[in-house]
Asks: 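Just dropping this structure here.
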Amino acid sequence: TPAPDPEPEGTTFNINKVLPPERVTASKSGDDFNVKIASWGGGQWQGQLWLEHNVSFENTKTYKVGFTLTADKDCDKITFKTDENQGEVYENQTINLTASTPYHYEKVFKGQSGNNKLTVFDFGWVGENTNITISDLTLVEFSPATASSFGGEHIPFLAVDGNTGTRWQA
């Protein structure tokens, strides 16, 4: 079995902005992001966290994105997206969290040429006074030849078709 692709050194994520700032606050602690939702947003895109990264997408390559979400309250309809045009929504109001239960997500996708450096989480439907932690955030170039072995303990198999995500509860 071939070894998994190594994570490129220097892959970083930093807070770009939160929208609206009176509703959403965020801080970075090590590699984790702590998000506080002060009030209910009432709909999609009413509670955004924008993270910038240093990965440049190329249309001849495949990439893997992954993260773990944990919240202190049940949360519904979280949206996640990342692409060079900010238009590719990978999970559109489909991530639902159970309080204190880690939610792991991984997806393999085909890159497109561009310099978008944003990853966006939307918490518009999340209720007031909710704390969410984003951990294990990765965005790396990925080799389809190693799809079944990449991720080891988290994922026994990952289909690589550009549209298949793998989600599971711990």
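This one's a predicted model, so the numbers in the text were calculated from it and none came from an experiment. The chain is numbered in sequence order, starting from 1.
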Asks: Please name the pair of heavy atoms, one in T68 and one in P102, separated by the smallest distance, quoted to 0.1 Å.
Replies: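 Reported closest heavy-atom pair: CG2-CB, 3.9 Å.
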Asks: Between Q48 and W50, is there a side-chain donor-acceptor contact under 3.5 Å, judged purely by atom types and distance?
Replies: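 Present: a donor and an acceptor within the cut-off.
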Asks: How long is the straight-line distance from NZ of K107 back to CZ of F142, given to the nearest 0.5 Å?
Replies: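 These two atoms lie 12.5 Å from each other.
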Asks: Closest heavy-atom contact between A71 and I132?
Replies: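 Shortest heavy-atom separation between A71 and I132 comes out as CB-CG1, 3.9 Å.
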Asks: Go through the structure and list residues passing side-chain hydrogen bond (donor to acceptor under 3.5 Å, both in side chains) with E128, not counting sequence neighbours.
Replies: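 Expected list: none.
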Asks: Ignoring hydrogens, what is the shortest heavy-atom contact between G127 and I37? Give both atom names and the distance.
Replies: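 Minimum heavy-atom contact is O-CG2, 3.7 Å.
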Asks: Count the heavy atoms of every other residue, nucleotide or ligand shown that sit under 6.0 Å from CG of D31, and state whether that count exceeds 12.
Replies: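 Not buried by this count: 12 neighbours or fewer within 6.0 Å.
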Asks: To the nearest 0.5 Å, what is the distance between OG1 on T119 and CZ on F33?
Replies: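 One gets 9.5 Å once the value is rounded to the nearest 0.5 Å.
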Asks: Quick one, K64 with T138, criterion side chain to side chain contact (heavy atoms under 4.5 Å, CB included). Give me CA distance, side-chain angles, the key distance, then yes/no.
Replies: CA-CA 8 Å; K64 176 205 160 242; T138 58; 3.3 Å; yes
Asks: Please output the side-chain donor-acceptor pairs of residues 18-30 that fall under 3.5 Å, not counting sequence neighbours, one pair per line with the distance.
Replies:
from	atom 1	to	atom 2	distance (Å)
R23	NE	S39	O	2.3
R23	NH1	Q46	O	3.2
R23	NH1	F123	O	3.4
R23	NH2	S39	O	2.7
R23	NH2	V126	O	2.8
K28	NZ	F13	O	2.5
K28	NZ	N14	OD1	3.3

Asks: Provide the closest heavy-atom pair for L139 versus V55 in the form atom of the first, atom of the second, distance.
Replies: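 Result for this residue pair: O-CG2, 3.4 Å.
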Asks: Relative to each other, are the rings of F121 and F80 parallel, tilted or perpendicular (30° and 60° limits)?
Replies: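 Ring orientation, 0 to 90° scale: tilted.
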Asks: Check side-chain hydrogen bond (donor to acceptor under 3.5 Å, both in side chains) between N131 and all other residues, then give those that pass, not counting sequence neighbours.
Replies: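 Once residues adjacent in sequence are excluded, the partners of N131 under the side-chain hydrogen bond (donor to acceptor under 3.5 Å, both in side chains) criterion are D72.
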Asks: Taking atom CG of N96 and atom OG1 of T101, what is their separation to the nearest 0.5 Å?
Replies: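 If I round to the nearest 0.5 Å, the distance is 12.5 Å.
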Asks: How far apart are the closest heavy atoms of D74 and A99, and which atoms are they?
Replies: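 Scanning both residues completely, I find the closest heavy atoms to be OD1-N, 2.7 Å.
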Asks: For I78, does its backbone N or O pair with a side-chain atom of D122 as donor and acceptor, under 3.5 Å?
Replies: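 Checked: no pair found.
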Asks: Quick check, are the ring centers of F67 and Y105 under 6.0 angstrom apart?
Replies: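 Close enough - the centres of the two rings lie under 6.0 Å apart.
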Asks: Quick check: does any side chain N or O of K73 sit under 3.5 Å from a backbone N or O of N129, one acting as donor and the other as acceptor?
Replies: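 Yes, because the side chain of K73 sits within donor-acceptor range (under 3.5 Å) of the backbone of N129.
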Asks: Check I95 against Y103 and note the closest heavy-atom contact, atom names and distance.
Replies: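 Minimum heavy-atom contact is CG2-CE2, 3.6 Å.
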Asks: Just jot down the side-chain hydrogen bond (donor to acceptor under 3.5 Å, both in side chains) partners of D76, sequence neighbours excluded, or say none.
Replies: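 None.
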Asks: With D32, which residues qualify under side chain to side chain contact (heavy atoms under 4.5 Å, CB included), at least two apart?
Replies: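 Scan of D32 (side chain to side chain contact (heavy atoms under 4.5 Å, CB included), adjacent residues dropped) gives T133, S135.
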Asks: Residues in side chain to side chain contact (heavy atoms under 4.5 Å, CB included) with W125, at least two apart?
Replies: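 Listed in chain order: W40, Q44, K77, Q93.
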Asks: With side chain to side chain contact (heavy atoms under 4.5 Å, CB included) as the test, would you mind laying out the steps for L51 and L118 before giving the verdict?
Replies: CA-CA 6 Å; L51 301 176; L118 295 174; over 6 Å; no
Asks: Say you draw a straight line from CG of N54 to OG1 of T12; how long is it, rounded to the nearest 0.5 Å?
Replies: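 If I round to the nearest 0.5 Å, the distance is 3.5 Å.
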